[in-house]
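All residue numbers in this chain count up from 1 along the given sequence.
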Amino acid sequence: MTRLDTHDRAHPTLAEIRSWAATVDVARAASAVGISKSHLYELIKRGNVPFRVVAFGNRYRVITASLIAYLEEA
């Protein structure tokens, strides 16, 4: 049996998330919390995200440390 690559799994482990860069894109953050990218964009639009998101023009980045803190509380 072959070990699945992180990108093949629906949800990365907390250990894997801890190894991510300081910020991640919306798609990666969405996979970490188990929701779709479009749903996370909708939450961002409403200002209803339980972790820190920063905007750079029309792009968003999620602060990994904030994402980790949220997942540890869950």
What about Ile35 and Leu14, same hydrophobic cluster or not, with Ile/Leu/Val/Met/Phe/Trp/Tyr joined at side-chain heavy-atom distances under 4.5 Å?
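Yes, because Ile35 and Leu14 connect within a single hydrophobic cluster, where side-chain heavy atoms sit under 4.5 Å apart.
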Same apolar cluster (I L V M F W Y, side chains within < 4.5 Å links), Phe51/Ile68
yes
Is there a donor-acceptor contact under 3.5 Å from the side chain of [X] to the main chain of [Y]?
X: Ser66; Y: Arg52; result: yes
X: Ser31; Y: His11; result: no
X: Glu73; Y: Tyr70; result: no

In the structure I gave you, are the side-chain heavy atoms of [X] and [Y] within less than 4.5 Å of one another anywhere?
X: Trp20; Y: Pro12; value: yes
X: Leu67; Y: Val33; value: yes
X: Val62; Y: Thr23; value: no

Minimum-distance pair of heavy atoms, taken over all atoms of Ala32 and Leu71:
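Of all heavy-atom pairs spanning Ala32 and Leu71, the closest is O-CD2, 3.9 Å.
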Roughly how far apart are Glu42 CD and Ser36 OG, rounded to 0.5 Å?
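Nearest 0.5 Å value for the CD-OG distance: 10.0 Å.
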Taking Arg18 first and then Glu72, would you say they form a salt bridge - that is, a charged N and a carboxylate O separated by under 4.0 Å?
yes
Among Leu43, Leu40, Ile44, Val26, which one satisfies side-chain contact (heavy atoms from CB on, under 4.5 Å) with Val53?
Ile44
